[in-house]
Every structure is written in structure tokens, then in C-alpha cells.
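The sequence lines fix the lettering, A, B, ..., with proteins before strands; numbering per chain opens at 1. As the structure is a prediction and not an experimental result, all values here were calculated from the model.
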Protein chains: 2
Amino acid sequence: MSPTREKSPPLDQSRLAHTLGYAIARAAVTTNQLFSQGVGEPLGVRPVEFTLLQLIFSNRNTTQKRLCDLLRVPAPQMTLILDRLQERGWVERERDANDRRALHLRLTAEGERLAEESLAALRVAEQALDRVLSSGERLLLQELLAKVAR
Amino acid sequence: MSPTREKSPPLDQSRLAHTLGYAIARAAVTTNQLFSQGVGEPLGVRPVEFTLLQLIFSNRNTTQKRLCDLLRVPAPQMTLILDRLQERGWVERERDANDRRALHLRLTAEGERLAEESLAALRVAEQALDRVLSSGERLLLQELLAKVAR
DNA sequence: TATTGTTATACTCTATAACTATA
DNA sequence: TATAGTTATAGAGTATAACAATA
């Protein structure tokens, strides 16, 4: 290392300190990493896939349309994501008998097993946050985030 | 609309309620939208570009390496982003005289003007959050997010 | 006419390996 | 031998228009 370069001080982020978007984006780096290490890589599930598994688990026979609206995912993307989940045998689609345009979604037995396993794995991974957040702080953080999400 | 379909109840998200990653991702949808409407579209600046403008503004002559480390952006991506900022006349790069591998970054006059304008625009856009968050809550939220970001 | 879902397409974002030039 | 930055490339994520089937 060049002798003319002393150890550099941390970068000044003061101009970004007041913007909530930046704070959220930086926190998301941490949680994305926890997800990736604890769930994504070991179980081969992407964040959207994980989310869909949980939602279909709790909302048997919901339709693609309703998931698109909730997650603000465009319909064409939802088609592709569900194609992938179906190919891997985790999700099944079935036409609504009354409205034959709509597709109802449900998990296979294997899909349910994966939904359980991945949620448990994520809970373990996010326990790493206990070192920086008390359980009260964590609850408060979730409430405040929910307000922002409307 | 089919008379056999009543207005459907909201989807059950209870299985995701305890995961912080989900709460952050959902809140990010809101802040991304505020950025896009208030800054991104009117000024033609992407989130990373905005962030870099602010950081280079406050950290004159910082290097690409240090920005990569702070933002966890891979070096090749940083090269492309800065190429774009340079092409548009907002950023200049200059070789370090002592260590000729390193590049120092600085804003042009136009780049500084844009950094100021875009930050002001974001502050205005994020005022929309005042309807759901008191100023105390907002401050608290930022502190908690900073802890998560470590 | 409007809605659900699909196909096609393009553009951005992200990650990695291989390279250069310097140290 | 290690570091700063670039080039090349491939994969994942996102957005839009045009379409088929049904309502």
C-alpha cells in the first residue's frame, strides 16, 4: 500500500440521512442477505417464490389476479413465476368452474412442506437481528413499516 | 361480473407478518414509487445514480472502490453507472497522482446543481409520508432501520 | 366492452470471470 | 502477488403491447 495514503475516514452520508428511501434500501441489503443465506441458497427458492408459497398456503384457491394486485407484480411476470413453481411440482392451477377465465392456485403436498420448511429457515436466519434489535424494537419497526406500506 | 362471486376478503398475510424482510420489501414499494414519481421520472435519475450524486457531492475525490464497498455494488456495475453519469456531464474522473490505479470522482457544476435539485425534490415527495407517520415516528423508524443496516 | 391470463419482447439490474495497468 | 478498474457475458428482474378466451 502506498505510504502516502493514510487509512481513510468513513464516507459522509449526511445528505442521504434524512431520506427514508435510502434507509429502507440499506436495511433491505441486510435482510436480503439473510434470506439468501438462510433460505434462497439452501432451498433454491427466490424471494418472490417464497412469498407466493406462503400466500397460497394461507389462501387456498386464490387467483393469480389477486396475488398480482397484492404484490404489485405485473400479470405476465406472475405467469412466468407460477410456471416455474408448477414445473417444480410445488403449485397446481385449476380453472374456476364458474368463471372459466380465472385460475385457482393451491400447493401440492411437497409445496406445503417447502412452505413450512422455508418459513422456519427464515425465522432462524432473522434471529441474527436479535443482536441489534430488542424484541420490542423489532415489533415497533414492523408496525412503522406497515404504516409506510399503507 | 359473475353473480356467484361475492366481493373477496383481503388476502391472509399472517404467515409473512413476522418476517422483517417482507415488511421492508413492502415499505420499499412505497418509497420506490415516491422516488420514481418525484425524482426518477421528472429528472431522469435512477435510485443508484441519485445516491452516487449525493455521496460524491459530500465526499469530493472519493474513489470508485470506496463507493462499491459502502453500497455493496460490484465494481463492474459501478463502472457502468459512472460511465453513464460521466456521459451526461454530471461526473468527472481523474487518476490519482500517487496511485495511478485509483480514480478520483467529482461532480461537475451541472452535477452539483442536479444533486441539489434532486434531493430537494425527494424531500418534497417524501412529505407524502407525513400523513401516516408523525415526525417522531419517522425519526424512530430511521434509527431502527439504521440498526438493521448495521 | 371489460377481464383473466398468456405470449412476445425489450430493457434494466445483478453477478462473475477474465483482463489491464499499476503497486 | 495483490489491488483498482474495465470488458464481456449471462442470468434474473421488470415493464409493456398484443393476443386468446371468457364474461
Side-chain angles (χ1 to χ4, degrees), chain A residues 1-5 7-8 25 28-29 32-33 35-37 40-41 44-52 56 61-88 91-105, chain B residues 1-8 25 28-29 32-33 35-37 40-41 44-52 56 61-87 91-105:
Chain A
M1 184 186 290
S2 162
T4 65
R5 268 217 338 295
K7 187 173 186 306
S8 38
V29 171
N32 288 341
Q33 198 170 308
F35 178 89
S36 175
Q37 289 172 0
E41 285 165 21
V45 178
R46 299 174 195 162
V48 208
E49 294 175 337
F50 169 82
T51 300
L52 286 176
I56 299 172
N61 285 335
T62 191
T63 64
Q64 298 190 194
K65 181 64 166 57
R66 300 198 61 205
L67 293 170
C68 288
D69 292 345
L70 176 68
L71 301 178
R72 289 205 187 83
V73 170
Q77 195 188 340
M78 186 62 73
T79 294
L80 297 176
I81 298 166
L82 288 169
D83 283 351
R84 230 176 93 92
L85 291 176
Q86 192 168 20
E87 277 163 25
R88 291 196 278 174
V91 164
E92 291 174 337
R93 292 189 255 208
E94 189 181 20
R95 288 262 163 232
D96 184 320
N98 297 325
D99 181 348
R100 296 195 47 74
R101 293 170 306 182
L103 286 176
H104 287 266
L105 304 168
Chain B
M1 184 185 291
S2 162
T4 65
R5 273 228 323 302
E6 59 273 20
K7 188 174 184 308
S8 38
V29 171
N32 288 342
Q33 197 170 308
F35 178 90
S36 175
Q37 288 171 0
E41 285 164 21
V45 179
R46 299 175 196 162
V48 208
E49 295 175 336
F50 168 83
T51 299
L52 287 176
I56 300 173
N61 286 336
T62 191
T63 63
Q64 298 189 192
K65 181 65 166 56
R66 301 199 60 207
L67 293 171
C68 287
D69 291 345
L70 176 67
L71 300 177
R72 291 205 186 81
V73 169
Q77 194 188 341
M78 186 61 75
T79 295
L80 297 177
I81 297 167
L82 288 169
D83 283 350
R84 228 177 95 94
L85 291 175
Q86 193 168 22
E87 277 165 23
V91 164
E92 290 173 340
R93 289 190 258 207
E94 190 181 21
R95 287 262 163 233
D96 183 320
N98 296 326
D99 182 347
R100 295 193 49 72
R101 293 170 306 181
L103 287 175
H104 287 265
L105 304 168

What is the distance, to the nearest angstrom, from the [atom1] atom on [X] to the [atom2] atom on [N]?
X: Arg46(A); N: dA12(D); atom1: CZ; atom2: P; result: 5 Å
X: Arg100(A); N: dA2(C); atom1: CZ; atom2: C1'; result: 19 Å
X: Ile81(A); N: dT7(C); atom1: CD1; atom2: P; result: 15 Å
X: His104(B); N: dA4(D); atom1: NE2; atom2: P; result: 12 Å
X: Arg95(A); N: dG5(C); atom1: CZ; atom2: P; result: 8 Å
X: Asp83(A); N: dA8(C); atom1: CG; atom2: C1'; result: 14 Å
X: Arg66(B); N: dA4(D); atom1: CZ; atom2: C1'; result: 14 Å
X: Leu71(A); N: dG13(D); atom1: CG; atom2: C1'; result: 14 Å

Atom pairs, N/O to N/O, protein against nucleotides 14-16 of chain C, distance under 3.5 Å?
from, atom 1, to, atom 2, distance (Å)
dT14(C), OP2, Gln77(B), NE2, 2.9

Q | Intermediate values then yes/no, side chain to side chain contact (heavy atoms under 4.5 Å, CB included), Leu67(B) and Leu52(B) | A | CA-CA 8 Å; Leu67(B) 293 171; Leu52(B) 287 176; 3.9 Å; yes

Q.
With side-chain contact (heavy atoms from CB on, under 4.5 Å) as the test, pick out the partner of Leu105(B) among Glu92(B), Gln86(B), Gln64(B).
A.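 Answer to the side-chain contact (heavy atoms from CB on, under 4.5 Å) test with Leu105(B) among Glu92(B), Gln86(B), Gln64(B): Gln64(B).
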
(Q) Classify Arg84(B) by what it touches in the nucleic acid, base, sugar-phosphate, or nothing, heavy-atom distance under 4.0 Å. (A)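 Touches nothing.
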
(Q) OP1 or OP2 of dT6(D) versus the side-chain N and O atoms of Arg93(B): is any pair under 4.0 Å? (A)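 Yes, within the criterion.
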
Backbone N or O of [Y] within a donor-acceptor pair of the [X] side chain at under 3.5 Å?
X: Ser36(B); Y: Asn32(B); result: no
X: Glu49(A); Y: Arg46(A); result: yes
X: Arg100(B); Y: Arg95(B); result: no

Q. Which pair of heavy atoms, one from Arg88(A) and one from Gly44(A), lies closest together, and at what distance?
A.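 Scanning both residues completely, I find the closest heavy atoms to be NH1-O, 3.1 Å.
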
(Q) Please determine whether any donor N or O and acceptor N or O are separated by less than 3.5 Å between the side chain of Arg101(B) and the base of dT3(D). (A)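 Yes.
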
**Q.** salt bridge (charged side-chain N to carboxylate O under 4.0 Å, His left out) between Arg93(B) and Asp83(B), intermediate numbers included
**A.** CA-CA 10 Å; Arg93(B) 289 190 258 207; Asp83(B) 283 350; 2.3 Å; yes

